[in-house]
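Shown below is the structure under consideration.
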Number of protein chains: 2
Amino acid sequence: MMRIGSVIKLKPEAVLAYKQLHAHAWKQVLAKITECNIHNYSIYIYGDTLFSYYEYIGADYAGDMAKMGEDEVTRAWWSICKPLQSPVDEIETGEWWHTIEEVFHLD
Amino acid sequence: MMRIGSVIKLKPEAVLAYKQLHAHAWKQVLAKITECNIHNYSIYIYGDTLFSYYEYIGADYAGDMAKMGEDEVTRAWWSICKPLQSPVDEIETGEWWHTIEEVFHLD
């Protein structure tokens, strides 16, 4: 099982819209996330920074992420979320959310 | 089950020491955390910001936190960790790490 932590910024004027959107997340998007083997997925906000934590329980992370990206409803969801977000300066090629380093874990 | 996300800063010169300390976390501290009903506990670092995520599976969070604070080895651990850390401006009474808002969760 992989645990993945990542960060992204929200545009300051988009905080309320982002929260409302996620309080009413689309069921097809949630189903696709689960189908792609992502579980226990939480997003927290601190100021204008979003932190996400999730667990990947499949055997082909890249393949599952590609599958998610091919889903029409998920792409429509992203087309709404992305304009609200602003990637951090440390973003690497292929990232939108930026993966951060785990320094401690206790099961 | 409660999920808790929180943040704190590290003093810039303390990043390596903090990582090393947590790569060699004391087994009595880990055992006390587990005994106090905290599970699936991760800490991530982004720049000088630490983000923690854990799950509380007990029935008396305040009581369990008080029990942890009475443990001599845990207090010794904290006496080393705290000088490396710098609480965020938003800290509230009784906090060291600052609890942040969950905006999304999917089991």
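Here the structure is a predicted model, which means the values were calculated and not measured.
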Any pair counted as ring pair (Phe, Tyr, Trp, His ring centres under 6.0 Å), so long as it reaches residues 54-89 of chain B, sequence neighbours left out: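 Matches after skipping sequence neighbours: B:His22-B:Trp77, B:Trp26-B:Trp77, B:Tyr41-B:Tyr54, B:Tyr56-B:Tyr61.
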Toward chain A: residues of residues 93-107 of chain B with heavy atoms under 4.5 Å: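 Interface residues of residues 93-107 of chain B: B:His98, B:Ile100, B:Glu101, B:Glu102, B:Val103, B:Phe104, B:His105, B:Leu106, B:Asp107.
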Given 3.5 Å as the limit, does a donor-acceptor pair link the side chain of B:Arg75 with the main chain of B:Gly69, or not?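 It does hold such a pair.
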Mind checking ring-ring contact (aromatic ring centres under 6.0 Å, His included) for A:Tyr46 and listing every partner two or more places apart, or none if nothing turns up?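 Per chain and number, A:Tyr46 pairs via ring-ring contact (aromatic ring centres under 6.0 Å, His included) with no residue.
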Starting from B:Met1 and following side-chain heavy-atom contacts under 4.5 Å between hydrophobic residues (I, L, V, M, F, W, Y), which residues can be reached?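 Other cluster members: B:Ile57.
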List the steps, then state whether salt bridge (Lys or Arg N to Asp or Glu O under 4.0 Å) holds for B:Lys67 with B:Glu70. CA-CA 5 Å; B:Lys67 183 166 79 175; B:Glu70 287 158 10; over 6 Å; no
So if I apply the side chain to side chain contact (heavy atoms under 4.5 Å, CB included) rule between B:Leu50 and each of B:Val15, B:Val88, B:Leu84, B:Ile43, which one comes out positive?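 Single pass found, and it is B:Ile43.
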